[in-house]
Amino acid sequence: MNFYFEAAKILDKLDKRQGSIKGILSSVPEKDKKRMSALVIETLKYKPVLKDVISNSKLLKEEKKLKSENLTLVLVHDLLLANGIQAGDGPLKQAVLRHRTRLHSEFTREKIRHGARSNEELAQTGDERAGRIPRYVRVNTILWTSSEAVEYFKSKGFQVSDPLQNQYGTSTSHMVLRSNPDRKGFSEDEHIPNLLLFNPQARFHEEETYHSGKIILQDKASCFPATVLAQDVHKLHEDFIDATAAPGNKTTHLSALLGNKGKLFAFERDANRFATLKSMIAKAGCRNVEPMNADFLTILCDDQKYADVTHILLDPSCSGSGIVNRLDHLTEQDKEDGDPFKQERLEKLASFQLMMIKHAMKFPSVKRIVYSTCSIHPTENEHVVSKALESGEAKLNGFRLAPRSQVLPNWHRRGIPEEMVSDGAECVVRCSPGEDATNGFFVSCFVRQSRGESTELGKRGHLSVNYDTDEGETRERGEGIVHMEKSTDRRKRNRPKKKRKSSMLA
Ligand SMILES: C[S@@+](CC[C@H](N)C(=O)[O-])C[C@H]1O[C@@H](n2cnc3c(N)ncnc32)[C@H](O)[C@@H]1O
């Protein structure tokens, strides 16, 4: 019975928000971890149903010995959904078993009520959102081309068709996805080049192309930041920074967008995650990335090494509240927006995120900074961006928001206007979990303004600060990819020229 007591204690901690599921389970002794994780996660998945079953069977009312709701939940879980309660014949087990018939019939009633044929379908009723997100596969163009990838998947029996539709092309509902017998449809993404969409049930972890780094399993929204940052990719005389790089999805994407050329410094402060980053970079064949196990905030912006850094990707730690498949959606934690505990945590994250943006703005040659999160909370998104725009660093260095025309202009969902200063919401992008077939995500892009430049926002008298950059100007005027080297950047004029290694320009 001890095992069940321990499982109940973990559920108690989660109820009291004393940690995340992953965090709490990580402290379980190794020998019990697998079984304990399965019991806790499965109990959480079925919790709404199990609670109804327990309440309708009046188990807790009739058995006064069962004082803990969470203990009852894990015991009833194993009775109904596993191989029975794995414990000696103590009084608590007996208390549950006395109601075994009633519990089983209430459970069957719940299945009928939810229209579920199997237990798995019953568990998924609370998690339908995840089923509507395709399995995204980014073709790593460092190692092969998209056309080669498409031909390869065709040779593996996949057909170009809507991966979310069944063979009759009727519906994209969760039930239909699961009833689609072959799940072999795939297509190319309409917004992100070199991104393929497969059925959510498609599995690639055993695939040779996955192990060799030719494909990278990356959510569509997570491909937005590098796409926005590297839109002027032809400018090879410039260096890039990925300030918060591990595990390396966006680093490897950026590296590929740069054609595996130029220089991309990738910082990661956590040693374990840094090891993952290094192995991902190696697997993906990135030769233009210099990974560094360092805290970005400690990097001196006037270090000559970074004198040519013009672009910075900032995808810092966030609440992760947009991630549909993560375990925490199994708890109540995300649902309580008014919770002061949660708000305090968000505020802490937001001030760290703001600090990162302000630090990035201090690099003398930086012209473009993309800030992204996989959070749905305005506190970490629109509020952080608004504060960054109003900061001394933005004003001193002339940063404003890049106009919509430079930030995925064809993406429909923009920022929340009420949460943002002025009319900047149009300039940022949001993805809504469940509605956009992606995880929840936010992307913004700051650009340094040219002297005298009149921006889309500036023309209307907002967010405009007169400073130097050549970039926004050329793009806004529709001069496409032509790079105009200007001599008006004061910092560039004053600082000594750095010697470049020819290999980095190759
Ligand atoms: C959201 S994850 C980045 C995910 C990554 N961009 C990707 O797409 O694979 C944030 C990462 O930033 C790291 N990090 C947080 N603060 C940092 C800092 N000050 N300097 C460097 N890395 C930091 C965290 O350890 C974490 O690995």
Side-chain angles (χ1 to χ4, degrees), residues 20 22-23 136-138 140 192 195 210 213 215-230 240-258 264-284 286 289-301 303 306 309 311-326 328 345-346 348-363 369-377 380-381 384 431 438-445:
S20 66
K22 230 171 136 183
Y136 291 104
V137 168
R138 179 166 64 76
N140 179 11
I192 300 293
L195 186 68
Y210 171 74
I215 60 166
I216 287 166
L217 305 179
Q218 185 171 359
D219 183 64
K220 172 173 175 167
S222 157
C223 297
F224 284 2
T227 307
V228 173
L229 189 67
F240 283 60
I241 281 181
D242 182 347
T244 50
N249 289 312
K250 296 178 192 71
T251 314
T252 52
H253 189 200
L254 197 49
S255 164
L257 290 174
L258 298 174
L264 168 53
F265 300 102
F267 296 102
E268 172 52 53
R269 71 173 175 193
D270 180 273
N272 289 331
R273 291 176 66 89
F274 180 67
T276 310
L277 172 69
K278 277 206 302 191
S279 82
M280 187 160 181
I281 289 168
K283 196 163 103 173
C286 306
V289 180
E290 185 177 328
M292 293 161 91
N293 187 192
D295 183 332
F296 175 63
L297 290 171
T298 65
I299 302 303
L300 298 176
C301 49
D303 186 332
Y306 309 112
V309 169
H311 292 65
I312 299 185
L313 187 72
L314 274 180
D315 182 45
S317 313
C318 70
S319 63
S321 53
I323 298 176
V324 171
N325 268 326
R326 76 203 173 97
D328 286 354
R345 183 171 162 252
L346 290 181
K348 266 193 196 152
L349 281 166
S351 52
F352 153 72
Q353 291 151 353
L354 178 61
M355 213 170 10
M356 296 287 274
I357 301 177
K358 292 201 295 192
H359 188 60
M361 284 176 172
K362 288 186 213 152
F363 283 74
I369 299 166
V370 167
Y371 167 71
S372 60
T373 73
C374 53
S375 164
I376 54 169
H377 300 299
E380 296 174 272
N381 299 331
V384 167
C431 297
T438 65
N439 283 320
F441 212 79
F442 176 85
V443 186
S444 60
C445 178

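Atoms within a ligand are numbered from 1 in the order they appear, just like the ligands themselves.
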- Quick look: Arg273 vs ligand 1, heavy-atom contacts under 4.0 Å, and the answer is side chain

- Message: Quick check on contacts: which atoms of ligand 1 are under 4.0 angstrom from a heavy atom of Asp315?
- Response: 1 (C), 2 (S), 3 (C), 4 (C), 5 (C), 6 (N), 8 (O), 10 (C)

- Item | Under 3.5 Å side-chain donor-acceptor pair for Gln353 and Tyr371 | yes

- Message: Side chains of Asp242 and Thr251 only: does a donor on one sit below 3.5 Å from an acceptor on the other?
- Response: yes

- Is there at least one pair of N or O atoms, one from Arg269 and one from ligand 1, spaced under 3.5 Å apart? yes

- When you measure from the side chain of Glu268 to the backbone N and O of Ala246, does any donor-acceptor pair fall under 3.5 Å? yes

- Query: Measuring from Ser222:OG to Asn439:CG, what's the distance to the nearest 0.5 Å?
  - Reply: 8.5 Å

- Query: For atom 15 (C) of ligand 1, what's the nearest protein heavy atom and its distance?
  - Reply: Ser317 OG, 3.3 Å

- Please confirm whether the backbone N or O of Ile376 pairs with a side-chain atom of Ser321, one donor and one acceptor, at under 3.5 Å? yes

- When distances are taken from atom 12 (O) of ligand 1, the protein heavy atom at minimum range is Thr244 CB, 3.2 Å

- Does even one non-hydrogen atom of Met356 get within less than 4.0 Å of ligand 1? yes

- Calculate, to the nearest 0.5 Å, the distance between atoms CG and CZ belonging to Leu277 and Arg273 respectively. 9.5 Å

- Message: At under 4.0 Å between heavy atoms, is it the side chain or the backbone of Cys374 that contacts ligand 1, or both, or neither?
- Response: neither

- Note on the structure: CD1 of Ile216 to NZ of Lys283, rounded to nearest 0.5 Å, is 8.0 Å

- Who gets closest to atom 25 (O) of ligand 1 by heavy atom: Glu268, Gln353, Met355, His253? Glu268

- Say whether Ala294 and ligand 1 are in contact under the criterion: heavy-atom distance to a ligand atom below 4.0 Å. yes

- Task: Enumerate the atoms of ligand 1 whose separation from the nearest heavy atom of Phe352 is less than 4.0 angstrom.
- Result: 15 (C), 16 (N)

- Query: Can you find an N/O atom of Phe296 closer than 3.5 Å to an N/O atom of ligand 1?
  - Reply: yes

- Item | For Ala243, atoms of ligand 1 separated by under 4.0 Å from a heavy atom | 20 (N), 21 (C), 22 (N)

- Message: I'd like to know if the side chain of Asp303 and the backbone of Tyr306 have a donor-acceptor N/O pair within less than 3.5 Å.
- Response: no

- Task: Only heavy atoms count here, so choose which of Ser222, Gly248, Ala246, Cys223 is nearest to atom 2 (S) of ligand 1.
- Result: Ala246

- Item | Min heavy-atom dist Cys318 to ligand 1 below 4.0 Å | no

- Query: For ligand 1, which atoms, with element, lie under 4.0 Å from some heavy atom of Asp295?
  - Reply: 18 (C), 19 (N), 20 (N)

- Item | Main-chain N/O of Gly213 paired with Asn140 side-chain donor or acceptor, under 3.5 Å | yes

- Item | Check: Lys220 main-chain N/O paired with Arg138 side-chain donor or acceptor under 3.5 Å | no

- What's the shortest distance from atom 8 (O) of ligand 1 to any protein heavy atom, and which residue and atom give it? Lys250 NZ, 2.8 Å

